[in-house]
Amino acid sequence: MAKEVIFGTPFETGAILGETEKADSLEHWQTEQGEKLVFRCPLAENDIVYGLGEQVRGIDKRGGRYVSYNTDNPNHTDDMLSMYGSHNLIVVDGDKHFGAFFDTPSRVLFEIDWQNSGEITVTCDGNVKVIELTGESSYAIVKEFLSLIGRSYIPPLWAFGFGQSRWGYKRQKDFDEVADGYRNANIPLDWICMDIDYMDRFIDFTVNKKRFPDLKGYAESLRKRGIRLVPIVDAGVKIEPGNDTYDTGVQNNYFCTNHEGGFFKAAVWPGMTHFPDFFQPAVREWFGNEYRKLTDLGIEGFWNDMNEPAIFYSEYTGIFNALTPAPTLESEKESNAYKDYRNFYHNINGQRVLHEKVHNLYGALMTQAAGEQLDKILPNRYLLFSRASYVGAHRYGGIWTGDNASEWDHLVRNVKMMPSLNMVGFLYSGADTGGFGGNCGRELMLRWLAFSVFTPLMRNHSALLTKKQECFRYADNEDFAGVISLRYKLLPYIYSEFVKAALGGDMYIKPLSFEYGDERSRRVEDQLLVGDSIMIAPFVQKGRKTREVWLPEDMTEVRYDGKSFSCQKAESGEHTVSAQLNEVVFYIRKGKCVPVTRGAQCTDEVNLDDVVLLGDGKEYRQYVDDGLTKRVSADNIRLLRRK
Ligand code: GLC
């Protein structure tokens with residue numbers, strides 16, 4: 001049973017739902033209360049430290065320092081301190097196994113064998129609820145944690161189809177070009193994102209009427225072609241008297257306030273905005289209901305953005321925050337974005353609370369606002385993913401990992417981050433495939449797609465002014481059609497494994513070490529387990545057609561060439577494996593099976609019932625439902641037997 005120890009007066013984040021045993025002290029951590037509260041625990045030489053969700057460096061977090069403080073920073077390097085989400089789970093794996101979740105919405109510094117200190121130190125402001133977890137393995141500890149934080153969000157089947165996005169699609173004809181481009185090249189596609197340009201001057205819940213005279217009709221016409229539109233919603237509401245969202249927000253005091261008690265003003269894409277005070281239940285209900293303005297037009301999915309919240313400049317700082325260097329621990333006080341987090345307040349149960357104290361919950365509460373209402377508004381399941389997050393938001397939506405770049409290192413980081421995201425409940429997640437910033441060449445895109453085939457959120461997204469990276473634009477685009485067709489052939493498996501993991505409080509993507517106890521497997525960071533049957537070893541190095549692969553046991557090697565599968569037995573041990581750019585190689589674990597179906601251009605055409613089994617197992621427990629309605633239940637399992 002998990003133990004809960006309270007320090008100071010922690011803020012109730014809502015992350016933990018399950019029962020814990022109240023205790024006075026922690027078993028594995030020493031505490032020191034000075035100006036800050038510090039938790040210490042020694043590490044043995046062989047210990048691995050898992051956790052921290054959306055963070056850099058790898059599956060093993062040793063050797064780094066990390067700050068939980070949701071930050072809009074596109075410079076994803078191993079030295080960056082903070083990404084867009086904060087997920088304060090640590091699991092120590094060695095002779096002993098134990099974990100701790102530091103539940104606080106304010107800033108937390110994790111130093112994990114930093115400068116070979118031989119210990120972990122966790123530093124926070126003194127008000128924190130610590131959940132201490134014990135178990136016989138790291139995997140057991142993570143499962144215990146997942147059982148405490150509640151069921152992960154389950155999107156509809158179409159959200160597991162391939163999505164295309166780009167900042168810069170402005171008009172209907174840009175969307176037509178994408179839809180036609182994919183369909184004409186026979187590259188499967190299920191959804192297209194609408195970035196900020198669909199709005200009237202970036203004002204939330206508006207549609208630019210010149211560009212989309214009849215969005216409802218247009219969405220319907222795309223829908224008939226098996227394509228859905230997924231618009232963006234930003235956190236900041238433009239200061240625009242006469243706009244309904246703005247006016248209602250002002251009349252009801254729904255926005256965050258400044259030092260003087262007026263509404264806090266900060267510039268984001270639309271210019272000066274106010275931030276909805278998502279900490280108030282009435283604000284969440286109001287803002288969530290605003291999505292109706294788009295669901296009434298036939299929209300069934302959204303992405304929430306800029307909700308750290310990102311601030312370009314404010315009425316106080318007045319300097320373009322985006323141009324200031326990314327914060328470091330030493331320079332933190334000089335960062336304008338961080339300064340602004342001390343310049344506005346929330347109204348929490350009638351108390352004025354400085355944003356800085358509860359910063360990491362802001363984006364999570366925006367996701368909750370949207371998720372709770374979409375669930376009421378829409379008859380079927382919705383698609384929702386957000387940029388900023390905290391544990392708890394995983395019950396309402398997924399996340400993407402923000403503004404990465406078209407660089408091989410970013411693909412590597414994507415691979416390594418996925419299991420950590422799964423440890424904290426964000427099963428529906430993925431990165432901008434091909435990279436957001438920078439220009440993505442053919443080889444990188446194909447290799448990235450070959451990895452994203454296995455991540456629940458599979459979306460190609462890129463920034464304004466970068467080279468266009470829709471798959472149909474590349475030479476020999478049948479290779480792209482081939483790689484993406486694998487996603488659609490594997491859908492019965494991906495969907496089944498995802499839903500089973502969500503319903504069972506389990507991970508969908510795991511490190512090898514969670515299933516294989518040997519020391520060699522424990523150290524693998526560039527191969528992953530996907531669901532219960534598959535192991536992948538993605539190709540993440542430029543120019544390489546071969547790579548080393550470790551097989552912890554005998555497996556079936558499956559080679560997909562864009563059309564068909566060929567399977568062969570592979571013995572446990574080290575292998576050098578080759579894959580051409582149009583090929584995807586993956587492995588099926590001993591005694592397991594993977595159901596595959598015929599290819600399709602979109603999920604509407606996929607028949608989850610018409611499957612054959614690959615692998616040397618005898619049977620597969622397939623989760624199958626209509627993929628759309630809310631009737632998700634563990635009873636929807638059927639046993640498939642090999643003939
Ligand atoms: C942010 C988002 C990015 C989006 C852009 C414009 O940078 O992270 O995905 O394209 O804003 O809305």
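One-based numbering, in listed order, for ligands and for the atoms of each.
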- [ ] For R183 and Q601, indicate whether the former's side chain and the latter's backbone hold a donor-acceptor pair under 3.5 Å.
- [x] yes
- [ ] Distance to 0.1 Å, residue and atom name: give those for the protein heavy atom nearest to atom 4 (C) of ligand 1.
- [x] D195 OD2, 3.4 Å
TODO: Find all atoms of ligand 1 within a distance of less than 4.0 Å from any non-hydrogen atom belonging to I232, and give their numbers and elements.
DONE: 12 (O)
- [ ] Check the side chains of D204 and T245 for a donor-acceptor pair under 3.5 angstrom, ignoring hydrogens and angles.
- [x] no
Task: D200 side chain to T206 backbone, donor-acceptor under 3.5 Å - done: no
Open item on the list: Do R459 and W303 form a cation-pi contact, if we require the NZ or CZ to be under 6.0 Å from the six-membered ring centre and within 45 degrees of the ring's axis?
Closed with: yes
- [ ] Report the nearest protein non-hydrogen atom to atom 9 (O) of ligand 1: residue, atom name, distance rounded to 0.1 Å.
- [x] H461 NE2, 2.9 Å
TODO: Report the part of W303 in contact with ligand 1, treating N, CA, C, O as backbone and CB onward as side chain, heavy atoms under 4.0 Å; options are side chain, backbone, both, neither.
DONE: side chain
Open item on the list: Heavy-atom count check: over 12 atoms from other residues, nucleotides or ligands less than 6.0 Å from K467 NZ?
Closed with: yes
- [ ] Report yes or no: does E525 contribute a side-chain atom to a donor-acceptor pair with the main-chain N or O of I59 at less than 3.5 Å?
- [x] yes
Task: Heavy atoms from other residues, nucleotides or ligands near NZ of K265 exceed 12 (cutoff 6.0 Å) - done: no
Task: Atoms in ligand 1 flagged as close to W400, the criterion being non-hydrogen separation under 4.0 Å - done: 8 (O), 9 (O)
- [ ] Considering only non-hydrogen protein atoms, determine which one is nearest to atom 8 (O) of ligand 1 and report residue, atom name and distance to 0.1 Å.
- [x] D403 OD1, 2.5 Å
TODO: Could you check atom 2 (C) of ligand 1 against the protein and tell me its nearest heavy-atom contact, residue, atom and distance included?
DONE: D305 OD2, 2.9 Å
TODO: Tell me which protein heavy atom sits closest to atom 5 (C) of ligand 1, plus the residue, atom name and distance to 0.1 Å.
DONE: W167 CE3, 3.9 Å
Task: Sub-4.0 Å atoms of ligand 1 with respect to non-hydrogen atoms of I196 - done: 12 (O)
Task: Numbering as shown, the atoms of ligand 1 that approach R387 to under 4.0 Å (heavy-atom distance) - done: 1 (C), 2 (C), 7 (O), 8 (O)
